[in-house]
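Everything below concerns the one structure shown next.
Quick note on labels: first sequence line is chain A, next is B, and so on, each numbered from 1.
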Amino acid sequence: MTDSSGFDDRSENDSSTHRGQLEADGGEAGAPIDTEEARRRPYVESQVVMATVRLISPFVLTYGVFVTLHGADSPGGGFQGGVIMAATVVMLAFSFGIQPTREWVDDSALLGLVAGGVALFAVAILTPMAFDGAALELVVLESTTTVAVKWWVEMVEVAIGMMVAGVVVGLFFVISSGVFGTDEADREGDR
Amino acid sequence: MNPESAALATTVDPGHLTLLIVVLPILVSVIPLIASLRDVSAGWVTAAAALAVNLALTVALAASLFLTGDRLIRYEIGGIPVPHGIELVADGLSILVVLLVSLVAFTVLIYTRTQGPRGNAFYSAYLLLTGGLLGVSLTGDLFNLYVFLEITGLAAYALVASGDTGRGAYAALKYMLVGTVGASLYLIGVGYAFLATGTLNMADLERQLSAVGYGDPLVITAFAFLVMGLAVKAALYPVHTWQPDAYSSAPTGVAAYVSALVSTVAVYALARVVLSVYTVDFLDHHGDLQALVIYFAAVSIVAGSVLAVYQSDVKRMLAYSSVSQFGLIVAAFAIANPNAVYGGLLQLIGHGVAKGALFVGAGVFAVAYGARKVEDYEGIAHRSPYAAAAFAVLAFTLVGAPPTVGFMGKWYVGVGAVESGFLAVAAVIFFSTLLTLAYVVRLVDRMYFGRPTRNPLLADGGGDDAGDGQGVTHGILVVLAVAAVVGFLMGPFASEIQALVQPTMEALT
Amino acid sequence: MTLALELALIAFVVVTAVFAALLRDVLGSIAVFAAYSLGLAIIWVLLQAPDVALTEAAVGAGVMTFLFLLTIAKTTRPDTEKPLKQVDLKAFVVVAAVALLMLTTVPAMPEVGDPDAPPVSAEHPTGEQTPYSYYIENTYVQAGIENAVAGVLVVYRGFDTFGEAVVVFAAAVGVMVVLKREVLK
Amino acid sequence: MIEEFIARHYHVAFIVVLAIGLYMLIESGNLVKKVIGLNIFQMSVFLFFTTAAYVEGGGPALVGPESVPGEHSNPLPHVLILTAIVVGVSLTSLALALVVRVYREYGTLDEDRLEEVMAGEP
């Protein structure tokens, strides 16, 4: 365990970074964790954890994509795959600090994932209606586009995967930064 | 079906309409979030456009439904034959609820434009709540109903906490804990029904449950859990405790929306389960179980009224009055003869309109004059004559004064109760009407004949006497007036509406 | 042999649930809850529900634990002198009454794995085909999908899945409303 | 009597775990523990459904052209429970956001203390 100066000034300004360090803060019984003492505590990082995470996260991400795409033939699917993909980002956040990861992840990318998922789902629901079918009637899509039902199922799975990945990462960031206003004020106060 | 209506049905497929009504608000709810990325506050405009289109679609669906002979539209999603797929069903019962939801959602939205809470995420949640409610109203599948019930719940919990107070957040959390237990009890009921039959489609369950036999313990247990779960969602006594806190601490626009629709739709779902899935035959087979539900609801009627009389806070008073009203409606659906069911339906719609608008009124008076308690209302009618008049009319709708819709609803339920020999229920309705009259008269009396001395905002001048106080905008007055007119006019037209939904009533009872 | 394993797993799940209830320390409760989820996930494997097992492991033991830990890091972890709580008699009596009432319905249920149970029979008492039999016979033939769970999820009950996606989205929107945020970050 | 319950051990487990979750919901003063209780309660229902899907000697619901009923567990309850799990985690995240918000406003997660503080509010 070493102190990494790289993130020090940032963590000085941001109390939520410390809150991300769960185990380290467990001690204050009965008191809020973001006490003055906890706030001043230097950010602790583990080179071992960071290296490990850097090494395995591409594989975890790939596995998430695999689980999403392979749902039609084996257990798994968009939801499970999406969760696994989101886990990559959460892992990065826990090893490199929440604040740096937050800055690294683009907000429009998250929203794009969610909106893209909704758009794909909308395609599956609405387009069959344009071809004299019922909503979500994938067989109609197969006969008009000659793309097999299976691939339309995959498209829906991908839509779910995108939404879930975007939302889980978003939830993680939103909850970790707390209530808008009060927590922002905390941050200002620290400067 | 006559040739004319058949022609119309082929030009506009009403089945597609049922689906679009549910899906449109949900899909559009993404747009405000995308707009926030560009720092554009497009929330209200987007929601207003989507809900206006939805209202138009709903009216179109209602028109094509009333042109069909049997008042029934079924739509198999994905073209999968029932019971293997999910279907949407519109009939005389659901269409009135759908109309109510679309109308109230659009009208309350007008109120939120000036009074807030604002923010794009708020309007996304608002659209999601609308989509969830419409899904519950239109689905023909027991599990799909659970999913939409939870969408409704999630959005409602968040909206209750959308104000600035910590009280709202805590009330939302309590609401969520109780609401989720209610939904889970419902899900357990679905589980028992599935264990007994292996199917989930409502129409199919109706046949399979009777094939399994109404004496089967699993069938009976499923009924008990389904009814209990939805009773929690509808806030019947004694599982109502979450409701007054949630309604009184939510921002006014949310309180109006949630009080008008969320429990209403849960009670509608209860009616669906009792009348469409279990049917009158089941109730006839289990007279004791039927009586149990009716007396349980009757306790709610009395307890809600008694608790409302004791409230000094106007919003809490309105909240407790809902406990009583929903007791009445559930009793009506459990009596399950044509008059009682129709009375329950009228009451369901009338209460939704009146209660939502009353919450808007209470919010307006709170903003304009700081009036929250009954005694603060002294002399309000002199400062805000139009708003006060609408408020008074709506309050008398709640009592059931003739010729309002409240009167017709109670009348039909009372007649139905007497027909089926539940004289005690008729007596309870009469007694609770007196109690309701007591607290409504207490309030209206102060509004019109009290002296505006206690409340400084009402006592000293500022603003002309002919107009309304600040905060009472024209938009809000329109909302209140529309609700008052609807509440007033639905009464005299009750028999016309009855003729429209008659085929559905016959099919259900 | 399998029955012994099943009973052991059930015992594990029940014991973890009891500890989650009785541990004073919220952190401990969270850890035991994660174990409870994993126990359930193994039961799903035994019940031939690999999709459910995978999801339960990813969500119950993964996402949920994360969210709980994040929450106590953002809030507080109350004082803990004694490790275990006393059983609250009033709550226990209420809950025991509910459980006993529900247990009376157990003999009416089909036995675990009974091939004649309505959910896994090919036909209803009325002679019609059950959804179960329809899915098993048609998922591969109609849609070319081997995993019937995915087939039912998207092809036959796609509208439920749409609802599921909406629930996820609603959670994100709800959290943003509650925490007064306008962006997903 | 005992055999009847042994042959339906998963159903019994469902009811016992459901009761424990309900107990946590009623008894716990701490809001986070209430949410944990809610999850234990909900997950017990999942056990009820997956048990209903199971058929003795049947494999998972991986099918081919020759598949017949009885060889596979019923995929329908699995699908329902996948949805229900997602609903559960969504509700939990919203509940926890509410917990964070309540703590920000009142500085405590203890139910009794919260009621006290609120009774003192205007």
Side-chain angles (χ1 to χ4, degrees), chain B residues 19 22-23 26 29-30 33 36-37 39 77-78 80-81 83-86 88 117 119-122 124-125 128-129 131-132 135 139 141 143-144 146-148 150-151 154-155 157-159 161-162 164 169 172 188 192 194-201 204 207-208 211-212 216-218 220-221, chain C residues 98 101-102 104-110 114 116-135 137-139 142-143 151-152 154-185:
Chain B
L19 184 106
V22 178
V23 169
I26 292 174
S29 70
V30 184
L33 284 194
S36 344
L37 213 56
D39 271 333
I77 297 170
I80 309 298
H84 313 301
I86 296 173
L88 296 177
N120 285 342
F122 171 83
S124 284
L128 287 170
L129 179 54
T139 187
D141 187 280
F143 185 81
N144 197 242
Y146 167 78
V147 175
F148 279 105
E150 290 289 33
I151 295 174
L154 266 166
Y157 311 142
L159 288 177
S162 64
D164 286 324
I188 294 172
Y192 272 100
F194 182 74
L195 199 57
T197 63
T199 190
L200 293 168
N201 178 276
D204 193 38
R207 283 177 298 121
Q208 303 307 338
V212 169
D216 189 289
L218 294 180
I220 299 169
T221 315
Chain C
V98 172
L101 208 59
M102 286 182 72
T104 60
T105 67
V106 168
M109 295 177 184
D114 180 359
D116 296 325
V120 289
S121 347
E123 278 184 356
H124 286 304
T126 53
E128 294 156 276
Q129 188 181 28
T130 58
Y132 166 59
S133 147
Y134 180 87
Y135 297 145
E137 285 173 4
N138 289 319
T139 308
Q142 284 181 354
V152 176
V154 180
V155 179
Y156 301 115
R157 293 186 69 92
F159 200 54
D160 266 353
T161 307
F162 174 66
E164 166 188 339
V166 176
V167 166
V168 174
F169 179 61
V173 171
V175 169
M176 285 159 72
V177 169
V178 166
L179 298 178
K180 301 180 174 305
R181 293 189 174 270
E182 285 293 314
V183 286
L184 249 182
K185 212 168 74 158

Heavy atoms only, distances under 4.5 angstrom: which of [options] has the most pairs with chain B? Name it, please.
{"options": "C/Met102, C/Met109, C/His124", "value": "C/His124"}
{"options": "C/Pro110, C/Pro118, C/Ala108", "value": "C/Pro118"}
{"options": "C/Val178, C/Thr104, C/Thr126, C/Val120", "value": "C/Thr126"}

Can you tell me which of [options] forms the most heavy-atom pairs within a distance under 4.5 Å of chain C?
{"options": "B/Tyr146, B/Tyr157, B/Phe143", "value": "B/Phe143"}
{"options": "B/Leu159, B/Thr221, B/Asp141", "value": "B/Asp141"}
{"options": "B/Leu195, B/Ile151, B/Ile77", "value": "B/Leu195"}
{"options": "B/Gly85, B/Ala155, B/Gly119", "value": "B/Gly119"}

Which atoms of [X] are under 4.5 Å from chain C, going by heavy atoms: the side chain, the backbone, both sets, or neither?
{"X": "B/Asp216", "result": "neither"}
{"X": "B/Leu129", "result": "neither"}
{"X": "B/Ser29", "result": "both"}
{"X": "B/Leu19", "result": "side chain"}
{"X": "B/Ala125", "result": "both"}

Discussion item. If the test is side-chain contact (heavy atoms from CB on, under 4.5 Å), which one of B/Ile86, B/Val147, B/Val23, B/Asn144 qualifies with C/Phe162?
Written reply: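 Answer to the side-chain contact (heavy atoms from CB on, under 4.5 Å) test with C/Phe162 among B/Ile86, B/Val147, B/Val23, B/Asn144: B/Val23.
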
Quick one: are [X] and [Y] in side-chain contact, heavy atoms under 4.5 Å?
{"X": "C/Val177", "Y": "B/Ser124", "answer": "no"}
{"X": "C/Glu128", "Y": "B/Arg207", "answer": "yes"}
{"X": "C/Pro131", "Y": "B/Thr199", "answer": "yes"}
{"X": "C/Phe169", "Y": "B/Val30", "answer": "yes"}

Practice prompt. Assess whether ring pair (Phe, Tyr, Trp, His ring centres under 6.0 Å) is satisfied between C/Tyr132 and B/Phe194, documenting all intermediate values.
Written response: CA-CA 11 Å; C/Tyr132 166 59; B/Phe194 182 74; 9.6 Å; no

Fill in: Spacing of CE belonging to C/Met176 relative to CZ belonging to B/Phe122, to within rounding of 0.5 Å
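C/Met176 atom CE to B/Phe122 atom CZ measures 14.0 Å (nearest 0.5 Å).
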
Practice prompt. Check the pair B/Val22, C/Phe159 against side chain to side chain contact (heavy atoms under 4.5 Å, CB included), reporting the backbone distance first and the verdict last.
Written response: CA-CA 11 Å; B/Val22 178; C/Phe159 200 54; 4.2 Å; yes

Practice prompt. Hey, can you tell me if B/His84 and C/Tyr135 have their rings parallel, tilted or perpendicular (30° and 60° cut-offs)?
Written response: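 Perpendicular.
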
Discussion item. Testing the basics here: between C/Ala170 and B/Leu128, what is the closest heavy-atom pair and its distance to 0.1 Å?
Written reply: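 For C/Ala170 and B/Leu128, the tightest heavy-atom pair comes out as CA-CD1, 3.6 Å.
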
Worksheet item: At a heavy-atom separation under 4.5 Å, does C/Ala117 approach chain B through its side chain, its backbone, both, or neither?
Response: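 Neither part; nothing is under 4.5 Å.
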
Worksheet item: Can you check side chain to side chain contact (heavy atoms under 4.5 Å, CB included) on C/Arg157 and B/Ile80, steps first, answer last?
Response: CA-CA 9 Å; C/Arg157 293 186 69 92; B/Ile80 309 298; over 6 Å; no

